[in-house]
Protein chains: 2
Amino acid sequence: MTSPLDPNADRPLFKQLADRVREQIRTGELPPGHKLPSLHRLADMYGVGVATVEDALAQLRGEGLIETRKGVGSFVLEEAERRLVTVEGPAFVEARMPTPDEQRELGLPAQGVPVLVVEEDGQEKVLPANRTRLEIPPR
Amino acid sequence: MTSPLDPNADRPLFKQLADRVREQIRTGELPPGHKLPSLHRLADMYGVGVATVEDALAQLRGEGLIETRKGVGSFVLEEAERRLVTVEGPAFVEARMPTPDEQRELGLPAQGVPVLVVEEDGQEKVLPANRTRLEIPPR
DNA sequence: TAAAATTTGTGCGTATGTATT
DNA sequence: AAATACATACGCACAAATTTT
């Protein structure tokens, strides 16, 4: 059963709730594509306000674990197909969060997915991290 | 001067406000290390509620642009010193958001900084993206 | 030392709007 | 048209951390 959250704990309620759901995703209890209960439902289940549930889900969106569709609900994100990108070198690689423009251009979920920045041949490539795996071949 | 936000625009107020501040950071009008006005002050300046300012700053934290210290204020993030990590290959590189555990272990700001995951020699290294630059040497 | 003021964090409620079913 | 569900915006109260007096 779901043990209740602890209002007197050091950790705030919305983080406790995020921890619960994150753990259920990690263990596969909530598999990719699964729809979470509604905000109102979760609020009832855990005995907190709707705003608190919103905060918890915002946290998980920020970690790239779920996606929320307005008027529909929140879903555990499917593992995206990763394109293998070969980096021969010499090159430099960094990672950072995308700008809002890049989010649109790369078709990223609203939040929570970083980009890979590859500098090679004097030019810069910005790649969506959820659909990219860099391959560094043997020397 | 700061032109007011538009409550009737398609874009929500907190995103409009985030856009303003992001632009000021980008242009250098708000340089690294600079302290932002307080929530209450920003709310007055832009004619919105404090909660709306909170949402806007949460957005910017999620983008890794600012850091907020409780009881003190929000600051434009300094550019961190980057350690050059050489990846000889063969190897694979991915990027993702850190778990809360990794955030603590790597000393990352509360939100908004991804990690680089390097698979090399059959083992996995998790590196803080704000302090790491991968170097792929010439073949 | 102590107290007060400032500032952010958390939690909840309410109202309204928008998207989907 | 109606019900459901999420998004936005604001206000209030209290807690916690820090800074100033």
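In what follows, chains are A, B, ... by sequence order, proteins preceding strands, each numbered from 1.
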Under 4.0 Å, counting only non-hydrogen atoms across every strand here, what does A:Gly71 touch: a base, just sugar-phosphate, or nothing? base
Spacing between B:Met45 atom CE and C:dT7 atom P, to the nearest angstrom: 13 Å
Under 4.0 Å, counting only non-hydrogen atoms across every strand here, what does A:Val48 touch: a base, just sugar-phosphate, or nothing? sugar-phosphate
Nucleotide nearest B:Pro12 when distance is taken to its side chain, options D:dA7, C:dT8, D:dA9: D:dA9
To the nearest Å, give me how far apart NE2 (A:His40) and C1' (C:dC12) are. 13 Å
What is the separation between atom CG on A:Asp10 and atom C1' on C:dG9, rounded to the nearest whole Å? 14 Å
From the set D:dA7, C:dT8, D:dA5, return the single nucleotide nearest to any side-chain atom of B:Thr68. C:dT8
Can a salt bridge be assigned to the pair A:Arg41 and A:Asp44 using a cut-off of 4.0 Å between side-chain N and carboxylate O? no
Return the pairing partner of D:dA9 with a 3.5 Å limit on both distances, Watson-Crick or G-U wobble; otherwise return none. C:dT14
Please tell me if B:Thr52 has a side-chain N or O lying less than 4.0 Å from either OP1 or OP2 of D:dA9. no
Expected output: side-chain B:Gln16 to main-chain B:Arg11 donor-acceptor under 3.5 Å: yes
Selected nucleotide, minimal atom distance to B:Arg61 side chain, candidates C:dT10, D:dA5, C:dG9: C:dG9
A:Gln16 CD to C:dG9 P, straight-line distance once rounded to whole Å: 18 Å
Round to a whole Å and report the spacing from CD of A:Glu67 to C1' of D:dA5. 16 Å
Between P on C:dC12 and CG on A:Leu42, what's the gap in Å once rounded to a whole number? 13 Å
Verify, without hydrogens or angle tests, whether A:Arg82 (side chain) and A:Thr132 (backbone) share a donor-acceptor contact under 3.5 angstrom. yes
Are A:Arg133 and B:Glu119 close enough for a salt bridge, meaning some N to O gap below 4.0 Å? yes
Among the candidates D:dA5, D:dA7, D:dA16, find the nucleotide nearest to the side-chain atoms of B:Lys70. D:dA16
For the pair made of CG in B:Leu39 and C1' in C:dT7, what is the distance, rounded to whole Å? 7 Å
Closest non-hydrogen contact found for B:Ile66 with B:Leu57 is CD1-O, 3.7 Å
Round to the nearest Å and state the distance from A:Leu5 atom CG to C:dT10 atom P. 15 Å
Counting heavy atoms from C-beta on, name the nucleotide in C:dG11, C:dT20, D:dA7 closest to the side chain of A:Val72. C:dT20
